[in-house]
Engineer: 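Have a look at this one.
Because only heavy atoms are used, hydrogens play no part in the values below, and waters and symmetry mates are left out as well, while side chains stay in. Bear in mind the structure is a predicted one, so any value in this text is a computation, not a measurement.
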Amino acid sequence: MRSAADDTVSGIIEKWAAGFSRLDAGALASLYSKSAFFFGSNPKLYRGRDGVAAYFNTLPRWKSSTVQFTDVRTAQVSPDLINVGGTASFVVDEGALTLSVKITWVIAREDGDWKIVSHHVSSKAPLI
């Protein structure tokens, strides 16, 4: 049975995937908290909406970019906090290999809207 947290997260995922498909840094950054921490596909920690926008502005401009989220799990920590974990699979150009990563988000209510406050991706391959 779907929960309110599932519905909230589904809405954010839909907006995130749409922004990524256009590599629209502004649209993506708007989904994040003004105090967000963001670990993407490089080792640098980006902070806040400006940092998130800077990250997406530095990505290559692929001909086609899509993402699919699977195995998404949510936990409502408190009325204003949701924990999210799952898999994000990226395809960046036709015929390219799919890059699948583990992804975690912490989503909090900020100024009456849900925003991602922590974003972290890591390899699906075991490191140890």
Side-chain angles (χ1 to χ4, degrees):
M1 183 157 92
R2 287 184 61 87
S3 67
D6 293 330
D7 292 338
T8 298
V9 171
S10 290
I12 292 171
I13 284 173
E14 186 177 309
K15 291 174 188 172
W16 203 98
F20 183 78
S21 72
R22 299 184 314 274
L23 287 177
D24 184 338
L28 288 160
S30 74
L31 300 173
Y32 288 81
S33 167
K34 56 190 168 209
S35 58
F37 279 9
F38 183 103
F39 273 118
S41 58
N42 67 42
K44 182 177 177 181
L45 172 63
Y46 295 86
R47 297 184 69 164
R49 290 185 190 121
D50 289 342
V52 171
Y55 170 83
F56 286 107
N57 278 325
T58 63
L59 291 179
R61 298 296 153 202
W62 300 291
K63 293 178 187 173
S64 168
S65 53
T66 61
V67 62
Q68 181 178 9
F69 290 83
T70 56
D71 304 319
V72 175
R73 303 291 183 266
T74 66
Q76 185 92 38
V77 177
S78 72
D80 295 324
L81 194 66
I82 301 171
N83 206 11
V84 182
T87 299
S89 297
F90 297 88
V91 177
V92 293
D93 286 336
E94 286 184 34
L97 293 177
T98 299
L99 170 65
S100 292
V101 295
K102 297 181 291 183
I103 187 166
T104 58
W105 286 341
V106 176
I107 299 172
R109 201 180 317 258
E110 181 178 279
D111 300 327
D113 199 8
W114 290 101
K115 300 292 182 183
I116 302 166
V117 296
S118 181
H119 171 120
H120 187 270
V121 298
S122 60
S123 171
K124 286 192 64 130
L127 301 176
I128 297 177

Engineer: Classify the angle between the aromatic ring planes of W105 and H119 as parallel (below 30°), tilted (30 to 60°) or perpendicular (above 60°).
Structural biologist: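 It falls in the tilted class, 30° to 60°.
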Engineer: Are a donor atom and an acceptor atom from the side chains of S33 and S35 found within less than 3.5 Å of each other?
Structural biologist: yes
Engineer: Heavy atoms, side chains only, cut-off 4.5 Å: are N83 and Q76 in contact?
Structural biologist: no
Engineer: Kindly compute the distance separating CZ (F90) from CG (L99), expressed to the nearest 0.5 Å.
Structural biologist: 7.0 Å
Engineer: Any donor-acceptor pair under 3.5 Å linking the side-chain atoms of S10 with those of D7?
Structural biologist: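 Not at all, the side chains of D7 and S10 share no donor-acceptor pair under 3.5 Å.
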Engineer: Nearest 0.5 Å please: distance from the CZ atom of F20 over to the CG atom of L28.
Structural biologist: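 Reported value, rounded in 0.5 Å steps: 8.5 Å.
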Engineer: Assert yes or no for the condition that the ring centre distance of F38 to F56 is strictly below 6.0 Å.
Structural biologist: yes
Engineer: Can you find a heavy atom in the side chain of I13 that is under 4.5 Å from one in the side chain of V72?
Structural biologist: yes
Engineer: With a 4.5 Å cut-off on side-chain heavy atoms, are V52 and D50 touching?
Structural biologist: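 No, every pair of side-chain atoms sits at 4.5 Å or beyond.
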Engineer: A side-chain contact here means heavy atoms from C-beta on lying under 4.5 Å apart; do T87 and V101 qualify?
Structural biologist: no
Engineer: At what distance, to the nearest 0.5 angstrom, does OH of Y32 lie from CZ of F37?
Structural biologist: 14.5 Å
Engineer: Whether the K102 and S123 side chains hold a donor-acceptor pair (N or O, under 3.5 Å, no angle test) is what I'd like checked.
Structural biologist: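 No, because no side-chain N or O of K102 sits under 3.5 Å from a partner of the opposite role on S123.
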Engineer: Find the distance between CD1 (I107) and OG1 (T74) and round it off to the nearest 0.5 Å.
Structural biologist: 9.0 Å
